[in-house]
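The next block holds one structure in the form of structure tokens; read it before the comments.
Only heavy atoms go into these numbers, but all of them, side chains included; no hydrogens, no water, no symmetry mates. All values reported here derive from a predicted model rather than from experimental measurement. Below, chain A is the first sequence line, B the second, and so on; all start at residue 1.
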Amino acid sequence: MSDLPKTFEPADIEEPLFAAWADAGYFRRDSAGFAENSLSPYTIVIPPPNVTGVLHMGHALNNSLQDILIRRARMQGRPTRWIVGTDHAGIATQNRVEQKLASEGLDRFDIGREVFVQKCWDWRRQYGSTIIGQLKGMGCSCDFDDEKFTMDPGYALAIRKVFVQWYHQGLIYRGLRIINWCPRCTTALADDEVEHIDECGHLWYLRYPLVEPVGETSYLVVATTRPETMLGDSGVAVNPTDERYVALLAAEAKIRLPLMDRVIPLVGDNYVDASFGTGAVKVTPAHDPNDFEIGQRHSLEQINIFNDKAEVNELGGRFAGLSREAAREAVVAAFEELGLLDHVEEHEHAVGHCYRCNTTVEPWASEQWFVRMQQLAAPAIAAVRDGRVRFNPQRWENVYFHWMENIRDWCISRQLWWGHRIPVFYCASCGWHDALEDNPDRCPKCGAAVRQDDDVLDTWFSSQLWPFATYGWPYDPKQAAELDAYYPTQVLSTARDIIFLWVARMIMSSLSFLDDAVPFTDVIIHPTVLDKSGNIMSKSRGNGIDPMELIAEFGADVMRFGLAAQVTGSQDMRFDKDKLAVYRNFATKIFNAARFVQMNLDDYRPLPGRVQPLPATLADRWILARLARLTAQLEQDQSSFNFGAQAHALYAFFWNEFCDWYIEFAKGQLAGGGNERQASQRNLVFVLDTALRLLHPMMPFLTESIWLQLPHGDERPSLVVAHWPNAAELAGYLDDEAERSIELTCTVVGAVRSTRARYRLAARTPLAVSIRLHGDTAAVDAALLKAQAEQVVSMAVCSDFSVGQECARPPQSVAVIAEGLEIFIKLEGQLDFEAERQRLKKEMASRRGDADRLGKKLANQGFMAKAASDVIEKTKNDLAVLEVELKRITAELEELG
RNA sequence: GGGCGUUUGGCGCAGUGGGAGCGCGCUUCCUUCACACGGAAGAGGUCACUGGUUCAAACCCAGUAACGCCCACCA
């Protein structure tokens, strides 16, 4: 056996194991053996990664959690389905394809819409499977045989149905609004696709001369952060109650707009905050949402001075052709020249940026399609309020409520070519237009040719249908049965930044189209993965970590376990690659424990069927009791999605209980031969087998590779489909007596080892040990310790070991006082009396302090009157124990002299 | 301007009312036949601060500070 490696090599086992699982069809929803039982199904839809995407740490975390959930459900025998696929990601993909074109010196208009869309499909075919392959590398057990894509033909039908129905219900409309325009992507963006970043800018104070002076006043001063937009000004607004301006308002003062020589009115509007700036606001209805509203109220002209690239157009007079940045400089310079620049202040303000390309967005008046949200939001709010959808951690529901209750209409049209084209058709001849599920050949009214709307839908419009469109809803013949069986899904796991963009909209659309069914019952908002210093990982910082590199270095199991271990309910996690060494060590520990078990099975004679434990000794009973507790604990932490606690419980059981103690006990039992050896072999196999099952969802590869070689006797061919250990079935092994016996054993062994270390004695130096027991538990404890004598002698290395209630203290011995017992360790001729006195005095002082505190408590009338009776009882007991121990220490000190 | 999160030994984190735990690191010892990616024994904390509630507070409440995140049309 010595030729076995001491560490396991993940790279050698991962690929072949995954291939075997896939070949066996374990991840398919209809794989044999699952659907035939009556357990409720367990379904997860993966948040579809972008086709252009590569795996980042957020994906690694998110998909680890989903795989842990789905693997456990699969082992529990539930019909499981983890739906996988990718999102066409309109803007992101289009940008990539445009970049590629640009490198060839082309833009999309050179090749036209049809060819461009074809190139997007080519891109998808070439790169669309990268992230799917990476998910497999992580060990994710998705239903890869049935991969979905948000541009699948069937998916397109779902989009059409939703659009047409909402359109005919009056929930979708077209309107002229100020929208967020990205001049680089040349498309509209929804409000939540804009990222506001605080920037240090300026507040320019510009003088606007009056056409006719009013009294002393010949000009107004307006403050603006965007002086270039003055080219499109069509008014100046002040608060009607602002005393500085009432006279001007009364006189209906007119302003001659500098540079443009346009006469514009002064209007009174309550929107204006008299305390900010000068209290006078220039109004640019075409380039600011507030100004747009003011303009509507006062019938001001909308003058759009920018083209779609945010360059000044012909309405910008002599500034036409300038970029917005150049226009700003030129306008300010012109004002300065004319003596109309009053002054400039530093000013920090939030500036919107495109969430895809980070370009500063331009508020721009244009015709766009919108979804009326209020009506859709109401039932979605109710679904979370009444608990049909739960957020985990729960606090995220507040974020959801706040957004939903202040929801605004959703701009869904995008001036892109890659995406689902808006299914609205126009007749150029008679003016007919309508939204239709099927493309019409000609105008149904006049028979003339029709034209489809040029815009495509926001990608999130299609993503919102993901939980049910992936079932083939609404027209696939199988969909009704499948939706009936698997819908709603159980869990939706995602990052907090798409609660609005995606989660909320899925809830709304599902309630709207699937008979008030929610799309999922639990939303898991996982923490954001930060770098080790607490910074967000980003390309620009260059601090991102590639999960595939982690897998190459540590293996997928270690990465998964390490990530899950850090999911503790906080909103961020700091990720330090070096800390994964801890979990690599754990994986090695598991591997070596398994190696130990294997090495001792040469003469193992399994009974038919799955291995059953044979609790022969207290140690056997103890490890089974601990295993039962662990299983129950995991069940509890699973239902609350506390992955960190699960990882910790598994780690502690396997390392500190199974390896540190049980395997050490087992060594003695194995050496004994005969029946004792047989029993021990069975217990080792059973506990290891059960532990591997419990570990499998987090560490699928390592556990499977061990399990396949373990003589567990299970007829199941793979751990992937082996039965999950049931806490109720193991509850019979709970055993207080065995736990007490091992507690005593560990106390004694620890005392001897500690003494040996203090006296710097070699580990193998045998020592004579005697135990004196006292108190109510003395008789039972004595029996338990006697039963463990062989173990104690071997593990503590004793030359002599005796246990008794009347046991006398040997002369020249170290005394260790513990609850219910005194441990005497004979050190003839070597005992350091002074050191022992000091040690015991320290022990005494510490116990004295505790006892005093408890005594005070019990003397406190408030405590006695109000504390719970079990707390009072416990306090009394603790004090009694301390008093006994203090008495014993005093006696020991007297004996030491 | 609102809202949320975090603050516990050098570092990373558990711990939702009965006087603090884990891992790493650190100190000492051990290459004993599963594992030095290991074993054994140790050291190390007035639980950010202030006040309150309570017989009892790391934990509940109020406020303060620092850091981080989200939302928001003050030009």
When you look at A:L630 and A:E657, which way does the side-chain contact (heavy atoms from CB on, under 4.5 Å) test go after all the steps? CA-CA 11 Å; A:L630 169 71; A:E657 296 182 334; over 6 Å; no
Could you measure between the two C1' atoms, the one in B:G45 and the one in B:G52, and give it in whole Å? 25 Å
Compare every heavy atom of A:A649 with every heavy atom of A:Q633, then report the nearest pair and how far apart it is. CG-CB, 4.5 Å
Using the P atom as the reference point in each nucleotide, state the distance between B:U16 and B:U27 in Å, no decimals. 34 Å
Would you please test A:E346 and A:H202 for side-chain contact (heavy atoms from CB on, under 4.5 Å) and show each step? CA-CA 4 Å; A:E346 302 268 303; A:H202 299 278; 3.3 Å; yes
Say we look at B:G21 and B:U46: how far apart would their P atoms be, to the nearest angstrom? 15 Å
With sequence neighbours left out, which residue pairs that include part of residues 563-582 of chain A fulfil the ring pair (Phe, Tyr, Trp, His ring centres under 6.0 Å) condition? none
Taking a pair as Watson-Crick or G-U wobble with both distances under 3.5 Å, which nucleotide is matched to B:G51? B:C61
Using a cut-off of less than 4.0 Å, is there contact between a side-chain N or O of A:R395 and OP1 or OP2 of B:C4? no
Applying a 3.5 Å limit to both distances, which nucleotide forms a Watson-Crick or G-U wobble pair with B:U27? B:A41
Checking the side chain of A:S680 only, and the main-chain atoms of A:Q669 only, is there a donor and an acceptor separated by less than 3.5 Å? no
P spacing across the pair B:G25 / B:G38, given as an integer number of angstrom: 9 Å
Here the distance between atom C1' of B:C13 and atom CG of A:L530, to the nearest Å, is 14 Å
Charged N to carboxylate O below 4.0 Å: is that the case for A:D852 and A:K856? no
Base-pairing assignment for B:A34 (Watson-Crick or G-U wobble, both under 3.5 Å): none
List the protein contact pattern of nucleotides 26-37 of chain B with one symbol per nucleotide (5' to 3'): B for base contact, S for sugar-phosphate-only contact, - for none; contact means a heavy-atom distance under 4.0 Å. --SS----BBSB
If you compare every side-chain N and O of A:S754 against the phosphate oxygens of B:A40 (OP1, OP2), does one of them come in below 4.0 Å? no
State whether A:W410 and A:R505 meet the cation-pi test: NZ (Lys) or CZ (Arg) under 6.0 Å from the six-membered ring centroid, and within 45° of the perpendicular axis. yes
Cation-aromatic face contact A:K577/A:F554, 6.0 Å, 45 degrees: no
Under a 3.5 Å cut-off for both contacts, is B:U16 paired Watson-Crick or G-U wobble with anything, and if yes, with which nucleotide? none
Using the P atom as the reference point in each nucleotide, state the distance between B:A48 and B:A40 in Å, no decimals. 32 Å
Would a 4.5 Å heavy-atom cut-off, applied to side chains only, mark A:T278 and A:L220 as touching? no
Select base, sugar-phosphate, or nothing to describe what A:A868 touches, counting heavy atoms under 4.0 Å on all strands. base
Whole-Å distance between B:G18 C1' and A:L858 CG? 12 Å
Identify the nucleotide, in any strand shown, that forms a Watson-Crick or G-U wobble pair with B:C69, with both distances under 3.5 Å; if there is none, say none. B:G3
Given atom CD1 of A:I197 and atom C1' of B:C69, what is their separation to the nearest angstrom? 14 Å
Salt bridge flag under 4.0 Å for residues A:D603 and A:R677: yes
Quote, to the nearest angstrom, the C1' distance that separates B:U31 from B:C13. 33 Å
Expressed as a whole number of angstroms, how long is the span from A:F653:CZ to B:C22:P? 19 Å
Contact string for nucleotides 70-75 of chain B, one letter per nucleotide 5' to 3', B = base within protein heavy-atom range under 4.0 Å, S = sugar-phosphate only, - = neither, reads -S-BBB
Counting heavy atoms from C-beta on, name the nucleotide in B:G23, B:G5, B:C22 closest to the side chain of A:K579. B:G23
Nearest-Å distance, CZ (A:F575) to C1' (B:G68)? 20 Å
Does A:N543 use its side chain to pair, donor to acceptor, with the backbone of A:I536 at less than 3.5 Å? yes
What is the distance from CD1 of A:I525 to P of B:G5, rounded to the nearest Å? 15 Å
